[in-house]
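These notes are about the structure you will find just below.
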Amino acid sequence: MRRIPRQAIVVGAATVMMAIVSACGSQGATNSAPTPVFASGTATPGLQPGGGMPGGMPGMSMTPPAQAAAPAGPNAVNIDNFAFAPSALTVKAGTTVTWVNHDEEPHTVAATDGSFHSPGMGAGATYTFTFAKAGTFAYICSIHPFMKATVVVTP
């Protein structure tokens with residue numbers, strides 16, 4: 001049985017991938033961007049600087065990652081990019097605060113004084129707590145204790 005050298009497999013796979021890439025974006029595409037030239041001096045047809053595909057693929061977009069989302073309301077705290085936003089929230093006694101997890105990782109909301117503690121919240125989950133009395137309530141994510149914030153409750 002004859003063995004195929006690894007380099008031949010890699011070159012063959014690269015050729016197949018280039019054919020697929022070219023076929024995906026070439027129909028009706030207009031490409032005014034220059035074709036990138038790599039250190040080897042070879043150009044890669046069909047690719048645009050920044051990784052975009054000429055003409056794009058229907059239904060797909062290359063948008064930059066979203067910035068931390070604004071809270072859903074005046075008494076909401078977003079969990080995004082492993083941080084609570086806002087990191088300090090001031091509300092009146094009797095106010096219900098809602099935390100919304102926008103991360104893909106689970107998080108919790110746990111008061112350092114033990115007055116409240118959410119269950120683990122997966123992506124998109126929410127937790128609410130009503131602050132009945134005035135005070136300053138520091139809290140963390142018990143899974144990621146570097147995540148810290150406070151709720152200041154006024155009378």
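All of these numbers come straight from a predicted model, not from anything done at the bench.
When all heavy atoms of Ala93 and Ala132 are compared, the pair lying nearest together is CB-O, 3.6 Å.
Residues Phe116 and Met147 share a single hydrophobic cluster, defined by chaining ILVMFWY side chains whose heavy atoms lie under 4.5 Å apart. Under the 4.5 Å side-chain heavy-atom criterion for grouping Ile, Leu, Val, Met, Phe, Trp and Tyr, Phe137 is connected to Val91 within one hydrophobic cluster.
One distance of note links CZ of Phe129 with OG of Ser118; it measures 11.5 Å at 0.5 Å rounding. Between the NZ atom in Lys148 and the CZ atom in Phe84 there is a gap of 11.5 Å [rounded to 0.5 Å].
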Report, one line per pair, each donor and acceptor closer than 3.5 Å where one atom sits in a side chain of residues 119-128; sequence neighbours left out.
none

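Asn78 contributes no side-chain N or O that, together with a main-chain N or O of Asp80, makes up a donor-acceptor pair within less than 3.5 Å. Checking side-chain atoms of Thr150 against main-chain N and O of Ala138 turns up no donor-acceptor pair under 3.5 Å. Side-chain atoms of Asn101 come within 3.5 Å of backbone atoms of Asp103 as a donor-acceptor pair (strictly under, hydrogens ignored).
A 4.5 Å side-chain heavy-atom check between Leu89 and Val97 finds at least one atom pair inside the cut-off. Between Ile143 and Pro106, the closest side-chain pair of non-hydrogen atoms falls below 4.5 Å. Considering only heavy atoms from C-beta on, Asn75 stays 4.5 Å or farther from Thr96 through its side chain. Side-chain contact between Tyr139 and Trp99: present, with at least one pair of heavy atoms (C-beta onward) separated by less than 4.5 Å. Between Phe131 and Val151 there is a side-chain heavy-atom pair separated by less than 4.5 Å. With contacts defined as side-chain heavy-atom distances shorter than 4.5 Å, the pair Thr95/Val153 does not qualify.
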side-chain hydrogen bond (donor to acceptor under 3.5 Å, both in side chains) between Thr108 and Ser142, worked out: CA-CA 6 Å; Thr108 66; Ser142 59; 2.7 Å; yes
Stepwise ring pair (Phe, Tyr, Trp, His ring centres under 6.0 Å) check, Phe82 with His107: CA-CA 9 Å; Phe82 289 84; His107 294 291; 5.1 Å; yes
